[in-house]
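These numbers come from a predicted model, not from an experiment. In what follows, every heavy atom counts, from backbone to side chain, and hydrogens, waters and symmetry copies are set aside. Letters A, B, ... mirror the listed sequences (proteins, then strands); counts begin at 1.
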There are 2 protein chains.
Amino acid sequence: MDAVQDEAAGKRARGLDRAFEILDFLRQKRQALKPNEIAAQIGAPRSSVYELVNLLLSNGILEFTGGEGRVYLGRKLYFLGAAYENHFDFTRECEAALEQLADETRETAQFCMLDGNKYTVVRMREGARPFRISTDIGQSVPIPWTASGRLLVAHLSDQDILNFIPPQDFRLPGGEWLEPQTFLAEVRQAEREGLFTFNSIVDSFTHCFAVPVRGEEGHAAATLCLVTPRDDGIANRDRYLDCLKKAAAGLEHAPARPRRG
Amino acid sequence: MDAVQDEAAGKRARGLDRAFEILDFLRQKRQALKPNEIAAQIGAPRSSVYELVNLLLSNGILEFTGGEGRVYLGRKLYFLGAAYENHFDFTRECEAALEQLADETRETAQFCMLDGNKYTVVRMREGARPFRISTDIGQSVPIPWTASGRLLVAHLSDQDILNFIPPQDFRLPGGEWLEPQTFLAEVRQAEREGLFTFNSIVDSFTHCFAVPVRGEEGHAAATLCLVTPRDDGIANRDRYLDCLKKAAAGLEHAPARPRRG
DNA sequence: GTCATATGTACAATATATTGGACATAGATG
DNA sequence: CATCTATGTCCAATATATTGTACATATGAC
């Protein structure tokens with residue numbers, strides 16, 4: 001996805017950057033691919049990709065799986081990720097907060113963070129309705145498409161926000177153009193109020209609530225969200241926001257607080 | 001830890017390898033460190049480490065945390081690890097197996113895998129005794145020190161095993177030397193019997209039971225273990241082994257089976 | 001004050017990593 | 001049969017990444 005921002009052509013890419021581009025691509029695809037396919041789809045030289053894939057395989061960062069020479073993310077990444085999760089020990093508290101939210105509201109509750117310059121759902125608890133509303137965990141979504149996005153960039157200056165978010169991410173899935181100035185105004189509003197709610201701009205039937213979970217630097221390290229049918233969301237607005245704020249208070253500082261040391 | 005096997009001096013290290021050496025080192029230390037400290041402790045040139053750390057920071061692979069310029073594993077690694085875990089969806093089944101083992105035996109149950117050429121405890125459920133026996137999750141331990149180690153390398157030839165395990169790993173924590181031929185004989189025995197049990201060679205009061213969890217290639221992709229006081233282990237040997245085999249059967253093929261595709 | 005250690009930055013030299021392109025094979029298509 | 005695509009390997013050329021070294025600053029010892 002960073003291929004776009006390769007400086008003017010003719011430059012060589014650094015191995016490390018391409019390596020992580022490969023890893024991110026596999027994560028996004030969520031399936032094993034052949035080196036050849038990877039090269040073609042991320043627009044990298046085949047010889048480079050073969051070289052890097054072999055290096056990553058020998059390090060356990062990638063693994064053969066799915067046959068025919070296909071590779072996918074490896075066990076070593078699991079271990080490294082587990083060490084991160086263990087250090088910033090937010091998992092348990094996070095699950096508890098989502099559990100609590102789901103119990104109190106019967107709606108879909110999500111714990112969200114930034115992944116680079118995208119938004120992603122880290123953990124989710126589906127609501128208890130006959131028709132559940134849910135999203136995919138771990139998929140990268142443009143920041144402007146989400147309520148949480150307004151909160152997650154609120155610590156940046158307007159200019160930094162515009163530099164941070166890829167311009168094409170202001171194009172909504174329906175094709176409409178979200179004016180960056182409109183987005184910035186909503187960011188500032190979210191910052192002032194410490195919350196953001198709206199009828200989702202990526203579909204026609206959900207209402208989204210987001211509140212920040214502040215980390216050690218005082219800005220939103222993550223968000224807690226509820227995704228509800230529009231009617232219910234609007235009808236229960238105050239109660240839902242109370243629940244969210246309560247749950248977020250329980251998490252406060254947790255996502256960024258090392259367990260020891 | 002791979003610094004030892006740097007080919008004859010005078011060679012440059014490849015950035016990718018050093019980068020993952022840094023990541024592994026941080027995982028092992030389980031705390032944030034300054035780039036300077038990292039360089040000193042892994043024996044790498046300071047300028048290289050600074051260069052790489054900055055690259056990794058800008059990719060979200062590392063994060064500033066702990067102040068004073070200290071860095072630790074970053075959020076991106078958590079996402080990548082979560083994608084791995086999601087693909088090879090063993091977590092839920094694994095927890096269930098450990099739960100079942102803990103219920104049936106009241107002993108400490110572990111799920112273990114190889115991490116490169118070391119053994120590591122991936123998940124654990126502590127026993128229900130007044131004095132619990134437990135180990136650290138995610139720490140790298142020499143393969144010959146463990147019962148599971150006999151099973152995890154059993155698919156390799158004798159020669160491959162000796163090439164795979166660093167020679168110094170046959171030195172036990174007490175300083176005694178475990179003869180590699182003895183180890184190989186135990187590996188073959190474990191392979192034949194589909195299990196391995198012994199009075200632990202790293203302490204004087206535990207008995208260890210290990211059975212393989214076979215992956216798609218048919219060899220031990222992981223192990224399930226019980227760690228018990230010696231008396232209890234020996235007294236309940238048959239029952240404990242039955243429990244382990246039953247639990248492993250429930251996991252069979254799970255650790256390496258992609259959820260879709 | 002001097003000296004030593006810890007920490008971070010800057011830069012040039014050269015060892016080498018990245019890359020384009022040639023080559024080989026297999027399968028599909030017509 | 002010829003032709004095309006998909007896949008993987010090999011190799012030389014050169015753009016550049018790694019690294020030694022020098023430099024800058026802060027802190028503490030004495």
Rounding to a whole Å, what distance do you find between [X]:[atom1] and [N]:[atom2]?
X	N	atom1	atom2	result
B:L52	D:dA17	CG	C1'	9 Å
B:D17	C:dT16	CG	P	13 Å
A:E51	C:dG20	CD	P	14 Å
A:N36	C:dA26	CG	C1'	13 Å
B:R12	D:dA15	CZ	C1'	13 Å
B:Y50	D:dT21	OH	C1'	15 Å
A:L33	D:dG8	CG	P	11 Å
B:L56	D:dA17	CG	P	14 Å

- Query: Want to settle it: does A:G15 or A:G69 sit nearer the 5' end of DNA chain D, counting the closest nucleotide to each?
  - Reply: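 It is A:G69 whose nearest nucleotide is closer to the 5' end.
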- Task: Let me know, please, whether B:S48 or A:E68 comes out on the 5' side of the other along DNA chain D by nearest nucleotide.
- Result: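 Nearest nucleotide further toward 5': that of A:E68.
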- Quick one: side-chain hydrogen bond (donor to acceptor under 3.5 Å, both in side chains) pairs with a partner in residues 69-81 of chain A, sequence neighbours left out?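 Of all non-adjacent pairs touching residues 69-81 of chain A, those that pass side-chain hydrogen bond (donor to acceptor under 3.5 Å, both in side chains) are A:K76-B:D24, A:K76-B:D115, A:Y78-B:R123.
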- Ignoring hydrogens and angles, are the base of C:dT18 and the side chain of A:R18 linked by a donor-acceptor pair under 3.5 Å?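 Flag unset: no donor-acceptor pair detected.
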- Message: When you measure only distances, ignoring hydrogens and angles, does the side chain of A:R46 come within 3.5 Å of the base of C:dT19 through a donor and an acceptor?
- Response: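 No such pair is found, so the answer is no.
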- Indicate yes or no for a side-chain donor-acceptor contact from B:E95 to the backbone of B:R92 under 3.5 Å, with no hydrogens or angles considered.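 No; judged by distance alone, with no hydrogens or angles, the pair does not exist.
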- Message: Using only atom types and a distance under 3.5 Å, with no angle test, would you say the side chain of A:R150 pairs donor to acceptor with the backbone of A:Q189?
- Response: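 No, because the side chain of A:R150 does not come within donor-acceptor range (under 3.5 Å) of the backbone of A:Q189.
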- Item | side-chain N/O A:S47 vs C:dT18 OP1/OP2, d < 4.0 Å |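 For C:dT18, OP1/OP2 do not have a side-chain N/O of A:S47 under 4.0 Å.
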- Quick one: is C:dA17 close enough that its OP1 or OP2 comes under 4.0 Å of any side-chain N or O from B:R14?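 Result: yes.
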- With the threshold set at 4.0 Å, does a side-chain nitrogen-carboxylate oxygen contact exist between A:E37 and A:K34?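 No, no charged N to carboxylate O under 4.0 Å.
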- Message: I'd like to know if A:R14 and B:E51 make a salt bridge, using a cut-off of under 4.0 Å between side-chain N and carboxylate O.
- Response: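 So A:R14 pairs with B:E51 through a salt bridge.
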- Difference in axis direction between the ends of the helix from C:dG1-D:dC30 to C:dG30-D:dC1, five pairs, 10°: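 Here the local axes at opposite ends form an angle of 20°.
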- Message: List the residues meeting salt bridge (Lys or Arg N to Asp or Glu O under 4.0 Å) with A:R188, not counting sequence neighbours, and say none if there are none.
- Response: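 By the salt bridge (Lys or Arg N to Asp or Glu O under 4.0 Å) rule, A:R188 matches A:D158, A:E191.
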- Message: If you define the side chain from C-beta out and look only at heavy atoms, does anything of B:L162 sit under 4.5 Å from B:F183?
- Response: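 Heavy-atom side-chain distance check fails, nothing below 4.5 Å.
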